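Everything below concerns the one structure shown next.
Predicted model only: the values in this text are computed from it and were never measured.
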Amino acid sequence: MSDNQLLEHLNNDQRRAVEYMSGPMIVLACAGSGKTQLITRKYAYLCTRNGKDSSSVMAVTFTNKAANEMKDRIAYLVPNKLSDAWIGTFFSLCNKILREESRQLPFAGDFVIYDNEDQCRLIRHILNEMKLYEALYRGIVSKISCFKSSLITLEELMSSCNTFDFDEKLLKVYVRYQDEMKRSRALDLDDLVTYTINLLESNPGLLEKYQDIFSYVLIDEYQDTNYAQYHLIKLLSQAKKNILAVGDDNLNVYKLKGNDSDSVLTKFEKDFTDTEIINLSQNYRCTENILRVSHSVISKNASSTTNELWTERGVGEKVCHYWFMTEEEEAKYVAKNMKDLYLKGNYSYDDMAILYRVNLQSRILEEALKNERIPFKVIGSSCFYQKKEIKDVIAYLKLMINKDDNVSLRRIINLPPRGIGANTLNKLEIESRKEGASLYKAIMKMLNSKGLSQSVKDKLQLFILLIDELSSHGIGTVNDSLKTIGSYTGYIETLDECGLNNVSELMYSNGKMPLTDFLDSVALTTNTDEVTTRGYVSLTTLHNVKGLEFAIVFITGLEDGLLPYFKAVDTPEDLNEERRLFYLGMTRAKDILFMTGAKKRKLYSKFQEQEPSRFLKDIPKDCCMWIEKKAVPSNITSKLQIEKVSLELPYNTGCRVKHPKWGVGVIRDCYGEENDIKVTVNFPNVGIKRLALKYANLERI
DNA sequence: ACAATTTTTGTTTTT
DNA sequence: CAAAAATTGT
């Protein structure tokens with residue numbers, strides 16, 4: 001595509017941003033202002049304009065999913081091969097650099113990546129051993145993450161310990177944690193960034209090399225970068241200062257990650273002088289009504305400097321707010337409403353999403369959707385790779401590559417039972433700490449010493465033989481490795497049918513991948529990354545919808561205590577973040593926005609009386625339809641209805657049928673009583689038809 | 001050492 | 001109300 005074609009359909013501001021070629025630039029891009037479009041075009045423009053190889057531009061995205069989408073879009077614009085383009089999250093890009101420069105690393109390259117769960121397991125293990133209160137692990141993991149992402153080193157921490165009145169125990173745990181990581185040759189996600197920074201800073205030649213490679217740096221969702229990540233891109237773009245950052249302060253909902261509280265602008269202008277600033281204030285996504293309502297909420301944030309957005313999309317439907325007596329009614333209403341909208345035929349289920357503040361809210365919604373026979377996908381609550389059997393198998397896989405991985409070894413040393421219990425393990429732990437070596441090495445040592453009984457030694461010997469056998473098979477594809485595990489460990493035999501299915505799914509979907517690549521991608525992939533939602537309603541948390549849009553959005557649980565969440569109402573800054581979260585959700589809606597809440601909700605096993613969210617007061621009365629639902633006459637009717645629905649109906653949605661006159665069609669809905677069943681069918685050539693099953697002469701195919 | 005049982009505990013968001 | 005931890009019995 002030519003330069004001019006790449007600039008087509010961009011507004012003046014976007015065009016200016018794409019064409020601006022030299023020097024730092026920051027784009028303040030409000031929700032729905034086409035920032036992904038902008039970055040994509042810019043990337044393509046840089047490729048064609050300068051005849052640049054695509055590997056000379058680094059593009060940082062917030063999620064892997066966003067990176068993949070971006071690659072797809074760019075592939076459509078330019079002929080360049082993008083297979084090894086530098087497009088990805090901070091973590092995946094850092095991993096790429098570290099793997100490429102592995103020889104320069106302290107532990108000769110092959111490291112494993114610990115994901116959040118591995119991290120938690122390790123911290124819990126350490127707390128246990130140190131006889132500290134184990135339940136503190138969550139806070140400790142996040143504090144360690146904060147230190148690392150603020151580039152505060154352990155040494156600095158220890159020397160400032162006295163002056164800072166610092167929690168000494170935390171520090172001890174941190175030291176132990178780092179020691180364990182080193183012995184296991186493992187990096188956590190924050191380490192990926194800090195190691196990359198250290199590598200570049202201690203190695204000027206290398207830094208120069210990468211500064212040279214990257215003629216341009218693009219960053220999406222800039223407001224979410226933490227100090228370490230920012231430091232890294234500062235390093236990389238120092239020489240040429242060709243950097244474009246796109247962000248919106250109103251969408252910063254990750255203060256917990258150790259993000260700078262500085263606004264996008266102040267953070268950036270401190271380090272890059274003569275920064276060009278562009279404001280994108282035209283919204284291409286939402287209707288006027290949705291913009292008005294969302295703006296009325298976000299403008300109550302003192303720190304928000306955003307001017308009101310505008311759109312050419314027209315006024316649109318009024319935003320609706322419903323208040324119900326119970327959460328069941330709320331869920332039922334949402335499901336019913338979705339079905340109605342679907343049956344009208346203008347929207348399909350993948351145009352719709354239900355959002356909530358916390359994952360546990362999804363349950364009751366799922367039930368309601370099942371009753372209405374609406375297909376749905378819950379995004380992000382429990383991801384495939386977090387299932388127990390998958391994690392177990394992955395632990396075996398990790399050990400095949402790195403026998404020193406203590407976290408994985410602890411996980412499977414007695415799985416299936418090998419008669420190696422807590423007592424033995426304890427002795428091993430002590431030995432390994434004494435030697436400063438991994439558990440695997442400690443076992444080797446213990447086998448040749450007198451500290452253990454012969455029967456225990458035999459068991460350990462068998463285990464060592466197993467691990468050696470596994471790793472002797474070399475590093476092949478995931479399938480090869482899984483087969484090896486199947487034939488030697490005896491673990492597969494302990495699985496039930498469901499677990500077996502999950503493992504075969506693992507083989508089926510990733511079987512051909514090289515093992516090392518696979519393990520990296522597992523650690524770097526998050527639960528939102530590979531969800532395809534074609535034909536499904538999406539259910540997800542407000543945090544998870546960043547970067548997504550839907551024609552119809554339901555935000556549920558708009559109650560004080562839930563949004564804002566009761567744990568985040570203490571400081572004004574907490575409250576502001578909750579408000580931004582609400583704003584984020586609202587601005588995901590293109591056409592229709594529903595907001596619902598319920599008075600009675602079962603939260604942590606008790607029924608609670610909820611008040612409507614305080615944020616609702618910020619919405620002018622005339623912007624919105626306010627509807628309060630009275631309690632349903634009785635519970636009996638609802639129970640009857642559920643029974644009726646659960647009766648077997650001849651067709652499920654999605655079923656294909658043949659009609660004598662209209663040909664092949666897809667069942668969209670099936671309902672009614674035994675002798676009077678009606679179906680809604682979508683015939684591609686004819687449109688949506690409602691038929692009585694008795695007379696329709698449908699044939700199932 | 002392990003399975004089955006009772007008791008305790010903790011309940012945000014996630015790159 | 002779940003899931004995890006502690007306790008008990010074999």
Side-chain angles (χ1 to χ4, degrees), chain A residues 60-67 88-95 113 115-117 119-121 124 127-128 133-139 141-142 145-146 148-149 188-193 219-226 228-229 251-259 355-364 379-383 386 388 413-426 453 455-456 459 523-529 540-547 557 561-570 574 577-578 580-582 584-585 602-608:
Chain A
V60 190
T61 57
F62 189 58
T63 60
N64 293 298
K65 190 179 167 210
T89 62
F90 271 106
F91 300 132
S92 69
L93 293 171
C94 286
N95 187 43
I113 302 173
D115 65 16
N116 203 251
E117 200 203 311
Q119 248 179 316
C120 290
R121 280 181 95 92
R124 290 175 77 167
L127 289 175
N128 240 326
Y133 186 44
E134 191 185 336
L136 294 171
Y137 74 96
R138 276 167 187 280
V141 167
S142 88
S145 173
C146 267
K148 289 186 176 179
S149 55
D188 62 35
L189 294 178
D190 296 302
D191 286 335
L192 291 174
V193 181
I219 308 158
D220 198 4
E221 306 286 1
Y222 178 67
Q223 74 283 347
D224 289 316
T225 53
N226 61 38
Q229 294 165 339
L251 298 181
N252 182 351
V253 287
Y254 288 102
K255 217 184 121 229
L256 278 157
K257 293 193 314 178
N259 282 1
L355 310 182
Y356 37 80
R357 175 66 230 264
V358 288
N359 278 314
L360 60 94
Q361 286 173 260
S362 76
R363 222 175 207 206
I364 191 147
I379 303 171
S381 64
S382 76
C383 128
Q386 278 168 2
K388 186 172 49 30
I413 190 164
N414 210 20
L415 197 85
R418 298 187 175 90
I420 304 171
N423 255 329
T424 315
L425 199 56
N426 227 344
S453 72
S455 67
V456 171
K459 288 169 186 164
L524 298 175
T525 306
T526 53
N527 34 26
T528 53
D529 278 337
T540 191
T541 61
L542 287 166
H543 283 88
N544 259 334
V545 281
K546 177 166 289 187
L562 218 45
L563 190 76
Y565 196 69
F566 68 92
K567 256 194 141 173
V569 289
D570 296 335
D574 283 344
E577 181 156 334
E578 295 290 302
R580 289 196 291 270
L581 209 46
F582 185 25
L584 173 72
K602 205 164 51 182
L603 275 171
Y604 43 123
S605 80
K606 277 197 302 255
F607 272 105
Q608 282 206 327

Using a cutoff of under 3.5 Å, can you pull out all pairs of nitrogen or oxygen atoms linking the protein to nucleotides 6-9 of chain B, with atom names and distances?
none

With the criterion being N/O to N/O and under 3.5 Å, what pairs connect the protein with nucleotides 5-10 of chain C, and how long is each?
{"from": "dA5(C)", "atom 1": "OP1", "to": "Arg124(A)", "atom 2": "NH2", "distance (Å)": "2.4"}
{"from": "dA5(C)", "atom 1": "OP1", "to": "Glu134(A)", "atom 2": "OE2", "distance (Å)": "3.4"}

Can you pull every protein N or O that's under 3.5 Å from an N or O on nucleotides 2-5 of chain B?
{"from": "dC2(B)", "atom 1": "OP1", "to": "Gly419(A)", "atom 2": "N", "distance (Å)": "3.2"}
{"from": "dC2(B)", "atom 1": "OP2", "to": "Asn414(A)", "atom 2": "ND2", "distance (Å)": "3.0"}

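The gap from the P atom of dT11(B) to that of dA6(C) amounts to 15 Å, rounded to the nearest Å. Rounded to whole Å, the C1' atom of dA5(C) lies 23 Å from the corresponding atom of dT12(B).
dG10(B) atom P lies 9 Å from atom CG of Leu136(A), rounded to whole Å. Between Arg363(A) atom CZ and dT11(B) atom P there is a gap of 17 Å when expressed in whole angstrom units. dT15(B) atom P lies 9 Å from atom CZ of Phe91(A), rounded to whole Å. The CD atom of Gln361(A) sits 10 Å away from the P atom of dT13(B) (whole-angstrom rounding). Atom CG of Asn116(A) is separated from atom P of dT12(B) by 14 Å (rounded to the nearest Å). One interatomic measurement links the two molecules: CG of Asp224(A) to P of dT14(B), which rounds to 13 Å at whole-angstrom precision. In this structure, Glu578(A) places its CD atom 11 Å from P of dT13(B), rounding to the nearest Å. Between Asn359(A) atom CG and dG10(B) atom C1' the separation is 16 Å, expressed in whole Å.
Residues satisfying the side chain to side chain contact (heavy atoms under 4.5 Å, CB included) test with Lys567(A), not counting sequence neighbours, are Tyr565(A). In this structure Phe566(A) satisfies the side chain to side chain contact (heavy atoms under 4.5 Å, CB included) test with no other residue, sequence neighbours excluded.
Looking at Asp191(A), its side chain does come within 3.5 Å of a backbone N or O of Asp188(A) through a donor-acceptor pair.
In the model, Glu117(A) has no side-chain atom that pairs as donor or acceptor with a side-chain atom of Gln119(A) under 3.5 Å.
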Bracket notation of DNA chain B in which parentheses pair within the strand, [ ] cross earlier pairs, and | pairs with another strand (Watson-Crick or G-U, under 3.5 Å): ||||||||||.....
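Looking at the side chain of Tyr565(A), the nearest of the listed nucleotides dT15(B), dT12(B), dT13(B) is dT12(B).
In terms of phosphate contacts, Thr541(A) brings no side-chain nitrogen or oxygen within less than 4.0 Å of OP1 or OP2 of dT12(B).
Each of Ala422(A) and Leu581(A) was assigned the nucleotide of DNA chain B with the nearest heavy atom; the assignment lying further toward the 5' end belongs to Ala422(A).
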